[in-house]
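What follows is a single structure, written as structure tokens, with notes after it.
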Amino acid sequence: MMLHPAAANISVPPDNLQAIRGLEPSSVWSQFAILSSIPRPSKQEDAILQYIKDFAAHHNLSWKQDKVGNLALFYPGTVPDAPPVILQGHVDMVTEKNSGTDHDFDKDPIRFEPNLVNGSWLTAQGTTLGADNGIGVAAILALLSTPTDDKTVMLPPLEALFTVDEETGLTGAFALDASALQLKGKTMLNLDTEEWTELYVGCAGGGESFLTLTLEREAATESEGKLVELRVDGLLGGHSGINIHEGRGNAVLLCAAATQAVLKQLDGVVKLVSLSGGDKHNAIAREAKAVLFLSNPDAENAVKEIVEKQQEAAKAEFGVLEKNLRVVLLDSTEQNCGMPLTKTSSEKLLSMMLSLPHGAIKFSHAILDLVETSNNVASLTMSDGDKAVVLCSTRSSINTALESARDKLAAVATLAGATIERAPYYPGWNPNMDSEILKIAEDILAGKIGRSPGVKAIHAGLECGMLIEKLGGGVDALSFGPTITGAHSPDESINVETVPPFFDLVQEILAQLAQKK
């Protein structure tokens with residue numbers, strides 16, 4: 001297989017060349033092999049961007065770049081008087097490897113398994129493959145290599161937008177400078193979803209909120225007592241967008257409820273020292289713990305009885321799904337954790353926690369079973385000993401609904417006497433079922449697969465919502481791609497049989513758009 005001349009100084013591993021031998025379209029696979037040979041972790045995209053610039057120079061394509069690193073290439077098209085179309089993908093990849101795999105993502109190429117799994121699946125040797133979103137970028141480069149005098153191919157002017165650092169927070173899309181890139185297209189194809197035959201027309205935006213409650217502790221005393229730990233663990237956790245509608249247990253909230261039950265029933269005998277749990281903004285909390293002070297150690301059996309009843313109640317509500325859920329009382333290993341909170345501070349903290357909305361808030365009226373707005377009570381930490389900080393991650397495909405949900409968090413904070421800080425939100429992409437580009441893609445794809453394709457939105461972040469806003473609105477967008485499984489893990493695989501029809505769909509959509517004047 002001939003590699004692109006711009007890759008003359010890039011060493012592609014022999015296993016990679018063997019793995020893609022005979023795969024079609026060869027122009028896409030050869031680009032993917034090149035991209036996979038260039039290290040491209042998030043925030044370290046200089047080498048891959050330089051290759052794309054060298055590619056542009058070889059094809060006499062102009063390019064522009066903004067300060068954060070986003071790169072736009074401009075292809076005049078084989079039908080140059082048609083309106084321009086934006087093709088978009090991100091150049092970074094998630095870097096995960098199996099334990100025992102000797103691989104340096106900063107230096108080493110991704111090495112493909114030389115033989116396809118079950119004849120159809122390309123995967124890497126113990127690492128992420130980078131098909132997310134390398135295959136989309138490869139498809140864009142393959143299109144840009146089409147000679148402009150090839151009148152057998154109908155391509156409108158293309159504005160190829162390559163964004164950076166998508167995987168760690170949509171950084172490139174967030175900081176995109178539209179004036180520097182000078183994109184003019186009003187139709188955008190995002191090639192970064194992973195279910196062939198499914199067309200995506202919407203995604204959730206999101207924003208984090210930090211609620212901070214100042215706490216008071218009791219004065220130091222000589223009284224003896226015992227510290228115990230009320231622990232909630234064994235939960236599934238999961239993605240705070242994709243899994244938020246499933247009713248999975250939230251360890252932080254279950255721990256708060258169990259703690260409240262203990263304090264109410266043993267008022268004055270048991271006191272709250274600390275409460276914490278959860279560790280990621282985009283994950284449902286799997287574990288949490290409360291450190292309790294027993295002023296009378298003989299009360300421990302009574303506490304255990306209450307905790308056991310709380311476990312029974314939690315299992316009655318969640319046990320069918322959360323088969324490994326535990327609510328248990330353990331000896332505490334905490335050292336120097338401070339005096340117990342005052343009764344007033346404990347009540348304020350627990351009431352605030354149990355008043356926060358968690359889970360799906362509203363489902364879409366446009367797409368069946370799509371969560372439109374949600375909130376995840378992601379974590380609780382005790383900061384500086386006398387401050388409780390709660391992180392909530394709120395999502396919605398409608399920006400006003402997102403802010404309305406965060407207004408409710410602010411109302412809870414006000415009632416509890418806490419302060420709230422809202423991080424800037426990234427916008428959602430509200431599904432437009434009357435989209436022109438959707439209708440074009442639906443008709444073409446239905447003809448290929450013999451049925452109506454799936455039309456979906458995802459309750460998680462794609463770059464589309466942010467990019468549409470950054471480009472001034474009015475952009476008709478669609479997202480699709482070949483089938484990829486296990487993304488973000490060393491199990492990542494791409495079904496090679498879905499790549500030819502995926503690339504054909506891109507070309508046929510562009511051919512129809514080339515006929516517009």
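Owing to the predicted nature of the structure, the values given are computational and were not obtained by experimental measurement.
The two residues Ala457 and Cys203 have their closest heavy-atom pair at CB-N, 4.5 Å. Residues Ile38 and Ala47 share a closest heavy-atom pair of CG2-CB, 3.6 Å. Counting all heavy atoms, side chain and backbone alike, His281 lies closest to Asn376 at O-ND2, 3.6 Å. Listed here is the closest heavy atom pair of Ala487 and Asp132: CB-OD2, 4.2 Å. Smallest separation of non-hydrogen atoms from Met93 and Glu167: C-CG, 4.2 Å. Taking each heavy atom of Ala138 and Leu35 in turn, the nearest pair found is N-CD1, 3.8 Å.
Evaluation of the side chain to side chain contact (heavy atoms under 4.5 Å, CB included) rule for Pro453 yields Leu199, Glu442, Leu445, Ala446, Ile449 as partners, not counting sequence neighbours. Under the rule for a side-chain hydrogen bond (donor to acceptor under 3.5 Å, both in side chains), the partners of Glu246 that lie at least two apart in sequence or sit in another chain are Asn243, Arg248. With sequence neighbours left out, Asp407 forms a side chain to side chain contact (heavy atoms under 4.5 Å, CB included) with Arg422. Legend: residues meeting side chain to side chain contact (heavy atoms under 4.5 Å, CB included) with Asp177, ordered by chain and number and at least two apart, are Asp66, Ser179, Ala180. For Thr394, the side-chain hydrogen bond (donor to acceptor under 3.5 Å, both in side chains) partners at least two apart in sequence or on another chain are Asn375. Applying the salt bridge (Lys or Arg N to Asp or Glu O under 4.0 Å) rule to Asp92 yields no partners; only residues at least two apart in sequence or on another chain are considered. For the salt bridge (Lys or Arg N to Asp or Glu O under 4.0 Å) test, residues two or more places apart in sequence or in another chain that qualify with Glu372 are Lys362. Shown here are the side chain to side chain contact (heavy atoms under 4.5 Å, CB included) partners of Tyr425, two or more places apart in sequence or in another chain: Asn399, Leu402, Glu403, Arg406, Pro427, Glu469. By the ring pair (Phe, Tyr, Trp, His ring centres under 6.0 Å) test, Phe105 is found to be paired with His103, residues two or more places apart in sequence or in another chain being considered.
Judged by distance alone, with hydrogens and angles left aside, the side-chain atoms of Thr193 form a donor-acceptor pair with the main-chain N or O of Phe480 at under 3.5 Å. With hydrogens and angles ignored, the 3.5 Å screen pairs a side-chain donor or acceptor of Arg286 with a backbone N or O of Leu235. Without hydrogens or angle criteria, Asn296 side chain to Gly225 main chain gives no donor-acceptor distance under 3.5 Å. Remark: side-chain polar atoms of Thr127 are not paired, donor with acceptor, to backbone N or O of Ala124 under 3.5 angstrom. Under the 3.5 Å distance criterion, the side-chain polar atoms of Thr128 are matched with a main-chain donor or acceptor of Val94. Using a distance-only test at 3.5 Å, with no hydrogens or angles considered, a donor-acceptor pair links the side chain of Ser355 to the main chain of Ser351.
Salt bridge Lys456/Glu198: present, at least one basic N to carboxylate O contact under 4.0 Å. The existence of a salt bridge linking Glu300 and Lys226 is confirmed by a sub-4.0 Å separation between a basic side-chain nitrogen and an acidic carboxylate oxygen.
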Show me the donor-acceptor pairs within less than 3.5 Å that the side chains of residues 260-272 make with the rest of the protein, sequence neighbours left out.
{"unit_1": "Asp267", "atom_1": "OD2", "unit_2": "Lys343", "atom_2": "NZ", "d": "3.1"}
{"unit_1": "Lys271", "atom_1": "NZ", "unit_2": "Glu218", "atom_2": "OE1", "d": "3.1"}
{"unit_1": "Lys271", "atom_1": "NZ", "unit_2": "Glu218", "atom_2": "OE2", "d": "2.9"}

Can you give me every donor-acceptor pair (side chain of residues 249-259, partner residue at least two apart or in another chain, under 3.5 Å) with its distance?
{"unit_1": "Asn250", "atom_1": "OD1", "unit_2": "Val252", "atom_2": "N", "d": "2.9"}
{"unit_1": "Asn250", "atom_1": "OD1", "unit_2": "Leu253", "atom_2": "N", "d": "3.2"}
{"unit_1": "Asn250", "atom_1": "ND2", "unit_2": "His358", "atom_2": "ND1", "d": "3.4"}
{"unit_1": "Asn250", "atom_1": "ND2", "unit_2": "Val377", "atom_2": "O", "d": "2.9"}
{"unit_1": "Thr259", "atom_1": "OG1", "unit_2": "Cys255", "atom_2": "O", "d": "2.8"}

Would Thr342 and Arg217 satisfy side chain to side chain donor-acceptor pair (under 3.5 Å), going step by step from the backbone distance to the final call?
CA-CA 5 Å; Thr342 64; Arg217 296 190 179 274; over 6 Å; no
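Atom-to-atom distance recorded for Ile306:CD1 and Gln311:CD is 14.5 Å, nearest 0.5 angstrom. Note that the CG atom of Asn282 and the NE2 atom of His239 stand 5.5 Å from one another [nearest 0.5 Å]. Distance check, rounded to the nearest 0.5 Å: OH of Tyr200 to CD1 of Ile367 gives 10.0 Å. Taking CH2 from Trp429 and CD1 from Ile398, the interatomic distance works out to 14.5 Å, rounded to the nearest 0.5 Å. Atom CG in Leu380 sits 10.0 Å away from atom CG in Leu391 (nearest 0.5 Å). Separating the CG atom in Leu158 from the CG atom in Leu73 is a distance of 10.5 Å, to the nearest 0.5 Å.
Each of Asn190, Thr163, Asn133 was evaluated against Glu463; a single residue qualifies, Thr163, per the side-chain hydrogen bond (donor to acceptor under 3.5 Å, both in side chains) test.
With a 4.5 Å cut-off on side-chain heavy atoms, Leu478 and Thr187 do not count as touching. Looking at Leu292 and Leu227, their side chains never come closer than 4.5 Å, going by heavy atoms from C-beta outward. Side-chain atoms of Thr483 and Ile494, non-hydrogen and from C-beta on, never get closer than 4.5 Å to each other. Contact annotation: the side chain of Gln65 approaches that of Lys53 to within less than 4.5 Å [non-hydrogen atoms, C-beta and beyond]. Proximity of Leu191 to Ser479: side-chain heavy atoms (C-beta onward) are nowhere separated by under 4.5 Å. Side-chain contact between Met466 and Leu176: absent, with no pair of heavy atoms (C-beta onward) separated by less than 4.5 Å. Looking at heavy atoms from C-beta onward, Lys387 lies out of side-chain contact with Leu213 at the 4.5 angstrom threshold. For the pair Trp63 and Leu71, the minimum side-chain heavy-atom distance is below 4.5 Å.
Within a 6.0 Å sphere centred on NZ of Lys304, other residues, nucleotides and ligands contribute 12 heavy atoms or fewer. Other residues, nucleotides and ligands place no more than 12 heavy atoms under 6.0 Å from the CD atom of Glu216. For Lys348, the NZ atom is loosely surrounded, since the number of other residues' heavy atoms within 6.0 Å does not exceed 12.
In the model, Asp165 has a side-chain atom that pairs as donor or acceptor with a side-chain atom of Thr168 under 3.5 Å.
Under the salt bridge (charged side-chain N to carboxylate O under 4.0 Å, His left out) criterion, the residue pairs touching residues 321-330 are Asp233-Arg326, with sequence neighbours excluded.
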